[in-house]
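To start, the structure itself, in C-alpha cells.
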Amino acid sequence: MKKHNFSAGPCILPQEVFQKSAEAILDFNGIGLSLLEISHRSKDFVAVMDEARAIIKRLMMLGDDYEVLYLGGGASLQFAMVPFNLMKSGNGKAAYLDTGTWAAGAIKEAKKFGTVDVVGSSKSEKYSYIPRDYKVDSTYDYFHCTSNNTIYGTQMKEFPQVDTLMVCDMSSDIFSRVIDFSEFDLIYAGAQKNMGPAGVTLVVVKKSILGKTGRDIPSILDYQNHIDKESMYNTPPVFPVYATLLTLQHLENNGGIAAAEERNEAKAKLLYDEIERNTLFDTFCVKEDRSLMNVSFQLLDETKKETFDSAWKAAGISGLNGHRSLGGYRASLYNALPIESVQVLVDVMKSL
Ligand SMILES: *Cc1c(COP(=O)(O)O)cnc(C)c1O
C-alpha cells in the first residue's frame with residue numbers, strides 16, 4: 001500500500017513524476033538510451049535544461065533581467081555562495097532575519113565574509129513567531145530572509161520593504177503560494193522540499209546585482225560563471241534536474257501556482273482546524289505565522305503518545321515525527337500531498 005507521506009524532505013512528489021522519471025531511466029525519449037547514460041551536452045539533455053530554466057521564468061513571471069540556474073551543493077551551499085557573490089570585499093555588511101535553524105545556518109556562513117547584523121530574531125522565543133518592525137537601510141549589501149521555516153512551522157506571510165537587495169531562501173515553500181517574485185533579487189531553493197528530488201538547488205538571480213563585490217570568486221562558486229555557461233559549467237545533476245522539470249510541468253498543467261495555493265490552503269485549514277478543536281493538540285507557534293507547508297504540532301497529553309503513534313502508523317501515515325530539535329510532530333503538506341492524506345491524519349486525531 002502506498003503510504004500517506006508527510007515527510008519534510010526529501011518528500012512526496014506527484015506519482016506521475018515517479019512514473020515518467022522511471023521510464024526516462026530505462027529509455028529516455030525513446031532514444032534507446034537511459035537518461036543516466038547520455039552526455040549532459042547531448043541535444044536531448046540540453047533541451048531538458050533549457051526547458052527547466054524556461055519554466056521557472058514562466059511560473060515566476062520574470063523577464064530577461066533574471067537568470068535561472070540549477071546547481072549542486074544544496075541550499076546549504078547557497079548560505080556561502082550568497083555572501084561570496086554579494087557582500088563587498090573588505091567592508092561588506094548584510095542584514096539577516098533569524099527565524100529558525102536554516103536562517104541561523106545562513107547567518108553563520110555569512111559571518112565568514114563580513115559584518116552580519118541580525119535585524120530581527122525570534123530565537124529567544126523558540127522561533128515561535130516571525131519578527132516584524134525592523135528597518136534595513138541602504139548601507140547593507142543585501143537583506144536575507146527565509147520564507148518558510150521548515151522545522152518550526154512558521155512562514156512569512158508578507159515580505160518587508162527593504163532599501164537594499166532582497167535575498168530569500170524559499171527551499172520549503174517555493175511554488176506553494178502566489179507571491180510577487182519580482183520583489184526579490186536572488187531566490188534559492190533546494191529542490192527536495194517542494195520541487196523535485198534531492199541533489200539540485202534552484203537559484204534565480206537578477207543579473208544586474210552581480211560583479212560588484214571586488215572579490216575573486218572561485219569559478220564553481222561564481223553565479224556569473226554559471227550564467228555564462230547556461231548552468232552547464234560542470235556536469236549538472238541531470239536526474240534531479242529532469243525530475244524537477246517533470247514536477248514543475250505537473251504544476252503548470254494542474255492550474256499553476258494559484259491552484260496549488262488553493263489546495264494547500266484547504267489542506268492546512270483542515271489540519272489546523274482539528275488542532276484548534278482538539279484539546280489534546282497544539283501548535284508550537286503563534287497563529288498568524290503558521291506555515292501552510294509544515295505543520296509542527298505537539299501532543300499535550302504524553303500518556304496518549306503510544307496510542308497516537310501506533311494509530312497513525314496503522315493508518316498508513318509516514319514521516320510524521322517532528323524534527324529532533326523541536327520534538328512533537330510535523331505534518332508537511334507539500335504540493336503533491338493529497339487532501340485525502342490530511343483527512344486520514346485528522347481522523348486519527350479525532351479518534352484519540
Ligand atoms: C532543507 C532546508 C535547507 C537545507 O537544504 P539542503 O539542500 O539540505 O542544503 C535550507 N533552507 C531551508 C529553508 C530548508 O528547508
Side-chain angles (χ1 to χ4, degrees), residues 5-13 69-84 94 96-110 112 116 118 120-123 127-131 142-157 159 166-177 179 181 184 186-204 220-221 236-237 239-241 243-244 247 264 284-285 289-296 319 321-326 330-337:
N5 185 5
F6 288 89
S7 171
C11 64
I12 187 168
L13 295 173
L69 300 172
Y70 286 92
L71 305 178
S76 299
L77 179 59
Q78 297 310 309
F79 294 171
M81 259 176 98
V82 164
F84 220 147
Y96 275 69
L97 191 62
D98 178 21
T99 52
T101 307
W102 297 116
I107 290 166
K108 179 174 171 229
E109 294 308 304
K112 296 171 184 171
V116 172
V118 176
S121 174
S122 48
K123 187 175 181 188
Y127 293 123
S128 57
Y129 68 97
I130 303 285
Y142 63 90
F143 167 72
H144 180 284
C145 60
T146 310
S147 57
N148 184 70
N149 299 286
T150 327
I151 294 173
Y152 293 88
T154 60
Q155 187 173 34
M156 296 177 79
K157 305 291 165 174
F159 294 93
M166 181 85 171
V167 177
C168 190
D169 175 358
M170 296 193 186
S171 293
S172 54
D173 70 348
I174 193 155
F175 301 135
S176 67
R177 55 174 169 161
I179 60 175
F181 292 101
F184 300 87
L186 193 149
I187 294 163
Y188 64 90
Q192 72 275 17
K193 307 281 168 51
N194 211 20
M195 212 168 40
V200 71
T201 302
L202 172 71
V203 175
V204 179
I220 189 85
L221 300 179
F239 180 74
V241 169
T244 298
T247 308
N264 290 331
F284 290 98
C285 69
D289 297 330
R290 295 188 313 201
S291 169
L292 292 186
M293 289 279 95
N294 308 100
V295 180
S296 290
N321 285 321
H323 189 270
R324 60 193 179 280
S325 61
L326 188 64
R330 172 170 53 172
S332 296
L333 314 180
Y334 296 122
N335 284 354
L337 185 85

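Values below: every heavy atom of this structure, side chains too, minus hydrogens, waters and symmetry copies. It should be emphasised that the depicted structure is a prediction, and the values quoted were computed from it without experimental measurement. We count ligands from 1, going down the list as the structure has it; atoms in each ligand are counted the same way. Along the sequence shown, the residues carry numbers beginning at 1.
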Do you know which of Thr154, Asp98, Thr101 makes side-chain hydrogen bond (donor to acceptor under 3.5 Å, both in side chains) with Tyr127? Asp98
Mind checking whether Leu333 and Val295 have side chains closer than 4.5 Å, heavy atoms only? yes
Kindly assign one of parallel, tilted or perpendicular to the pair Tyr188 and Phe79, based on the angle between their ring planes and the thresholds 30° and 60°. perpendicular
Residue shell around ligand 1, heavy atom under 4.0 angstrom: Gly74, Ala75, Ser76, Phe79, Trp102, Thr146, Asn148, Thr150, Asp169, Ser171, Ser172, Gln192, Lys193
Can you find a heavy atom in the side chain of Asn149 that is under 4.5 Å from one in the side chain of Ile130? yes
Centre-to-centre under 6.0 Å for Phe184 and Phe143, is that the case here? no
Closest heavy-atom pair and its distance - Ser7, Ser332: O-CB, 3.4 Å
